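It should be emphasised that the depicted structure is a prediction, and the values quoted were computed from it without experimental measurement.
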Protein chains: 2
Amino acid sequence: MPAATIKDVAREAGVSVASVSRALNGGRGVTAETGQRILEAAQRLRYVPHAAARMLITRRTNTVGALLPDLYGEFFSELIRGIDLAARSRGLHLLVSSSHDDAEAAAAALRAMQGRVDGLLLMSPHADADFLRQNLPQNLPTVLINTRLSGADYCALSVDNDGGARLMVEHLLSLGRRRIVFIQGPPGNRDATQRELGYRESLASHAPDSPMMMLRGDFSEESGYRAGHQVLAMRPRPDAVFAANDMMAIGCLAALREAGLRIPQDIAVGGFDDVPMARYVTPPLTTIQVHIAELGGQAMALLGEQLDHPDDVRAGSRRRVDAELVVRASSAAPSG
Amino acid sequence: MPAATIKDVAREAGVSVASVSRALNGGRGVTAETGQRILEAAQRLRYVPHAAARMLITRRTNTVGALLPDLYGEFFSELIRGIDLAARSRGLHLLVSSSHDDAEAAAAALRAMQGRVDGLLLMSPHADADFLRQNLPQNLPTVLINTRLSGADYCALSVDNDGGARLMVEHLLSLGRRRIVFIQGPPGNRDATQRELGYRESLASHAPDSPMMMLRGDFSEESGYRAGHQVLAMRPRPDAVFAANDMMAIGCLAALREAGLRIPQDIAVGGFDDVPMARYVTPPLTTIQVHIAELGGQAMALLGEQLDHPDDVRAGSRRRVDAELVVRASSAAPSG
DNA sequence: CTGAAAGCGCTTACAG
DNA sequence: CTGAAAGCGCTTACAG
């Protein structure tokens, strides 16, 4: 037997469908007594309003879409969880889509979401200004997460990579380290670039005499390991390494320890991300923690505001999620 | 300006809406020439069919729902990724919902999905037979993932915990270990119980003379650490530890090493899950790997079959995803 | 307060 | 091949 419709409820309660609709949507415009009768009838029939019909007439889907580059790994896991929680608390459903290999696939995913969502959370390497102009349905509330976009047409939210990196450099400097080498991430990667910028800025302003030293990496543990070997060959040897992410820091740590260096006595090591593993390597890794779930939650909050007040969207509004220094054993004063 | 509708396209192309619909849905029933004209008009207007209207009339949402207990952590991260990939390859959208603290919240989430999805992937601690009968919309194709349900009314998919645990025990036995202690998971946890069962079965059938030894744990690293101390106190000391999950194995490893035991020479340690960290502890952890993404993918495949052939649903069909032994340095022959 | 009716944007028999 | 029309299940002015 097919699911009950509003007609069935109306018949069961002996009223019109209009009254059923009113009773079930807040109960305004019906007497308490009719309302009660309708509610009971609906319960008896296990009536659940047909979502599509409601969407069609109200032009509201009560759903938000999340377009992400991937779902795998710590970062996305936390991000989507933050989004999910915030969406649920607003009574919104969450439609996810990820793993778009190229811009065309991302565009298709974007199109496919059209009409299914009231708003969009978008994080994509393809999301430059052109792409958005081409593919984003106009008037669809959208919040950009961690995109490289600098334009002022959309709300955007990102991690404070720059500030986080500065925290790390200042921490290392405060320990008395003066020869801090930076292991870069993949060229063109936005996070990596911003973290490097923070390193440069902080060093320039707080220790103008300290040399800026860069080693190439690609975020992989292996590249960190290789960079570790390069560090070993540098003369005079750096007294601290700051890797643009934890995995490289971990690889570097391994290379340095294999060579017999004591950490942090001989050389301090810092990373970025605070992956779960950071606490488990030997010695535990000093790093920068970002509250990713909060990133997702705040993005959802921003989107929620747009949904509630479509008129005064503060397009171009930017917000950042703070990063935080987590000191562990891999960094300490040279003496001890 | 509001989004273009099928009427706009019809007017633009100078045909009826019926023809537009036919042209855009496979092009059967229109001449190539008209079809072409319609396609161009649609493109010009950036026409995207209104999803809700289509759902309403076709009774198809082209969406599947995934109800999960959580989204956080390695397991769910991989699971949802496997689901997402498989869904996309079938042209299906993915609606997710998670973190239902109690049965009532899970029920509400289930109800909210009604009418929004063509099928359901369900993994929930609350999903016992009663719960499903009460809350699952009838006739909604559903695949249960890793539920404790033994009934024969639904398709179900689960991890082969039992077989995986047997692999580990057989491995340890093959190394000559004869006193293998098992660290249990949380009481009532299905995975934990099945893994323990595998331990018992395997020991009983392959080494009936070996003692069965159980220590209580709760899947946390701390509980593994505590269990490690208990292991140290046992006389004669076990020559191998099999923890019901990796985190406990890692905690146990720490306790044993702190006490000066050599691993694996003095005692071998095995875990279950193959979390990313397993490769990074010292020594790297021997464990059981489960292809979680495959679990998600296969669940989606099972659901896809039901969607394609609603008539011959093989309700009650069970399937398991294999587990695999990954040997690392934490286990080896006692000699070295 | 209540109901009849229009209409949201589609698809699909049904005629022509 | 093509179009007019019905209808999917709702909500919401509009009357009464």
> First contact, last contact: which nucleotides of DNA chain D are these for chain A, 5' to 3', heavy-atom distance under 4.0 Å?
Replying inline: D:dG9 to D:dA13

>> Quiz question: by atom type and distance under 3.5 Å, do the side chains of A:Arg116 and B:Asn62 form a donor-acceptor pair?
In response: no

> Are the side chains of B:Thr5 and B:His50 in touch, meaning some heavy atoms are under 4.5 Å apart?
Replying inline: no

>> Regarding B:Arg81 and B:Asp84, does a basic nitrogen lie under 4.0 Å from an acidic carboxylate oxygen?
In response: no

> Can you find a heavy atom in the side chain of B:Val64 that is under 4.5 Å from one in the side chain of B:Leu94?
Replying inline: yes

> Salt bridge or not for A:Arg111 and A:Glu104, using N-O below 4.0 Å?
Replying inline: yes

> How is the base pairing of DNA chain D summarised as a dot-bracket string, given the Watson-Crick and G-U wobble criteria with both distances under 3.5 Å, [ ] for crossing and | for another strand?
Replying inline: |||.||||||||.|||

>> Could you tell me if the side chain of A:Ser97 sits less than 4.5 Å from the side chain of B:His93, heavy atoms only?
In response: no

>> Under 4.0 Å, counting only non-hydrogen atoms across every strand here, what does A:Arg59 touch: a base, just sugar-phosphate, or nothing?
In response: sugar-phosphate

>> Categorize B:Ser21 for me: base, sugar-phosphate, or nothing, with a 4.0 angstrom heavy-atom threshold over every strand shown.
In response: base

> Taking for each residue the nucleotide of DNA chain C bearing the nearest heavy atom, is the 5' side occupied by B:Tyr47 or by A:Val15?
Replying inline: A:Val15

>> Is it the case that the side chains of A:Asp118 and A:Thr61 hold a donor-acceptor pair, with the cut-off being a distance below 3.5 Å and no angle test?
In response: yes

>> Do A:Leu110 and A:Leu120 have side chains that approach each other closer than 4.5 Å (heavy atoms only, starting at C-beta)?
In response: yes

>> Reading DNA chain D from 5' onward, which residue's closest nucleotide shows up sooner: A:Ala52 or B:Gly14?
In response: B:Gly14

